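What follows is a set of notes on a single structure, which appears directly below.
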Amino acid sequence: GSLQVRTIDYSDGDNAITIADGGGLTFAQDTHIANGKGLIVGNATALGGSHGYEIQALGTGGLDAGVTMGNWAAGTGGAEMSFIKSRNATIGSNTIVQDDDVLGSIYFIADDGTDFESRAAEIRASVDGSPSANDTPGRLTFYTAADGANTSTERMRIDSAGNVGIGTTSPVQKLDVRGVIASFASDNTDYISISHSGSVATIGATYSGGGAYAPIEFKTSDTVRMQIASAAGDTTFTTTQGSASGMALVNSHASTPRGM
């Protein structure tokens with residue numbers, strides 16, 4: 001085949017090495033970049049500011065502004081990305097982390113027309129308890145920025161006990177929501193809601209059909225076992241069990257149940 005010629009130019013003035021004619025480099029051993037220096041792919045200079053990290057992939061299209069990691073092996077493992085946090089100031093040495101130390105973060109930054117400092121969303125991993133050797137409790141927190149803000153606010157967390165908190169930083173159950181919960185139909189008009197105000201907890205249902213009421217049904221095996229409905233000031237409780245059924249109709253202005 002033809003001889004492929006590539007040139008490597010070294011410029012002492014700016015301490016740069018240029019690979020001409022679209023050539024590439026193959027290294028037979030590990031390659032080291034000095035601390036404080038960077039690897040920039042797709043641009044001649046590094047992006048600065050608070051997100052001017054030492055490894056950057058910059059581009060003007062989807063494929064030239066991304067990073068791909070792959071694992072080809074006859075096993076169950078896949079590609080990995082690791083975030084390491086130590087309180088030791090010497091690289092490779094060990095000092096145990098402490099409660100609430102941030103282990104790693106993923107930031108989603110938006111250009112606001114002025115700079116690249118607006119954090120629209122964030123995912124953060126932190127220590128969630130008192131760590132020790134082979135005992136490192138952790139949590140994940142999820143953040144979004146509100147309208148009118150350029151920093152993100154915590155919206156949800158998964159703590160070291162596996163509890164999920166929305167609207168709270170101290171969840172006490174597997175799902176702990178502080179605020180109104182609503183489950184909507186596909187048209188976003190019919191829904192059931194759960195809310196709490198003071199000492200009163202409320203479960204409500206809304207139906208958009210003209211003149212119709214919104215019953216709350218309790219089912220087992222896809223069969224209605226109890227229904228709570230309201231019509232003309234009356235509340236109806238209906239229960240069914242096999243072929244037997246019972247109903248109690250209580251008028252809101254009567255003191256004696258009817259229909260027993």
Side-chain angles (χ1 to χ4, degrees), residues 8-20 22-72 77-128 131 136-158:
I8 299 178
D9 296 330
Y10 176 72
S11 175
D12 186 64
D14 56 5
N15 295 316
I17 295 178
T18 302
I19 302 173
L25 285 177
T26 299
F27 298 93
Q29 61 183 10
D30 291 344
T31 302
H32 306 278
I33 298 176
N35 188 23
K37 305 303 178 181
L39 173 64
I40 299 93
V41 179
N43 200 42
T45 58
L47 186 68
S50 60
H51 304 287
Y53 302 112
E54 293 188 6
I55 298 179
Q56 300 182 17
L58 310 174
T60 57
L63 292 179
D64 61 353
V67 177
T68 299
M69 298 179 293
N71 181 355
W72 285 259
E80 299 177 351
M81 176 180 293
S82 297
F83 298 80
I84 298 176
K85 163 65 179 177
S86 174
R87 281 188 167 254
N88 198 296
T90 301
I91 295 176
S93 298
N94 301 107
T95 299
I96 193 168
V97 293
Q98 299 180 13
D99 187 23
D100 290 327
D101 279 1
V102 177
L103 304 178
S105 298
I106 300 176
Y107 300 128
F108 301 87
I109 307 303
D111 183 350
D112 63 0
T114 303
D115 52 34
F116 308 112
E117 302 299 325
S118 294
R119 189 177 301 174
E122 174 186 353
I123 302 173
R124 181 186 301 176
S126 306
V127 179
D128 192 44
T136 53
R139 69 172 177 267
L140 280 176
T141 46
F142 300 82
Y143 300 74
T144 61
D147 188 16
N150 69 342
T151 57
S152 53
T153 301
E154 181 180 332
R155 307 300 185 185
M156 184 179 76
R157 69 170 49 196
I158 307 172

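Position 1 is the first residue of the sequence, and the numbers go up from there. Every heavy atom of this structure was used, including side-chain atoms; hydrogens, water molecules and symmetry mates were not. Predicted, not measured: the structure shown is a model, and the values here were computed from it.
Around CD1 of Ile55, the count of heavy atoms belonging to other residues, nucleotides or ligands within 6.0 Å does not exceed 12. Other residues, nucleotides and ligands place more than 12 heavy atoms under 6.0 Å from the CE atom of Met69.
Taking all atoms of both residues into account, the shortest heavy-atom contact from Gly138 to Asp128 is C-CB, 3.6 Å. In this structure, Glu54 and Asn35 approach most closely via the heavy-atom pair OE2-OD1, 3.9 Å. Pro131 approaches Val97 most closely through the heavy-atom pair CG-O, 3.1 Å. The two residues Ala65 and Gly59 make their nearest non-hydrogen contact at CB-N, 4.1 Å. When every heavy atom of Leu140 is checked against every heavy atom of Ala125, the shortest pair comes out as CD2-CB, 3.9 Å. Nearest heavy atom pair, residue Asn88 against residue Asn94, reads ND2-O, 3.4 Å.
Under a 3.5 Å cut-off, the side chain of Glu122 and the backbone N or O of Ser152 do not form any donor-acceptor pair. Within the 3.5 Å criterion, the main-chain N or O of Asp115 finds a donor-acceptor partner in the side chain of Asp112.
Distance OG/Ser126 to NZ/Lys85: 11.0 Å, rounded to 0.5 Å. Between the CG atom in Asp101 and the CZ atom in Arg87 there is a gap of 4.0 Å [rounded to 0.5 Å]. The line from CD1 of Ile106 to OH of Tyr143 is 13.0 Å long, rounded to the nearest 0.5 Å. Of the inter-residue distances, the one linking Glu154 atom CD with Phe142 atom CZ reads 10.0 Å to the nearest 0.5 angstrom. For the atom pair CG (Leu39) and NZ (Lys37), the distance works out to 14.0 Å, reported to the nearest 0.5 Å. Rounding to the nearest 0.5 Å places CZ of Arg155 at 4.0 Å from OG1 of Thr144.
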Steps toward ring-ring contact (aromatic ring centres under 6.0 Å, His included) verdict (His51, Phe116): CA-CA 8 Å; His51 304 287; Phe116 308 112; 9.2 Å; no
Test Asn43 against Gln56 for side chain to side chain contact (heavy atoms under 4.5 Å, CB included), laying out the working first. CA-CA 9 Å; Asn43 200 42; Gln56 300 182 17; over 6 Å; no
What verdict does the side chain to side chain contact (heavy atoms under 4.5 Å, CB included) test give for Arg119 and Ile109, after you've listed the backbone C-alpha separation in whole Å, the side-chain angles of each residue and the deciding distance to 0.1 Å? CA-CA 5 Å; Arg119 189 177 301 174; Ile109 307 303; 4.2 Å; yes
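Side-chain contact between Val127 and Leu103: present, with at least one pair of heavy atoms (C-beta onward) separated by less than 4.5 Å. Annotation: side chain of Val102 is in contact with side chain of Arg124 (closest heavy-atom distance under 4.5 Å).
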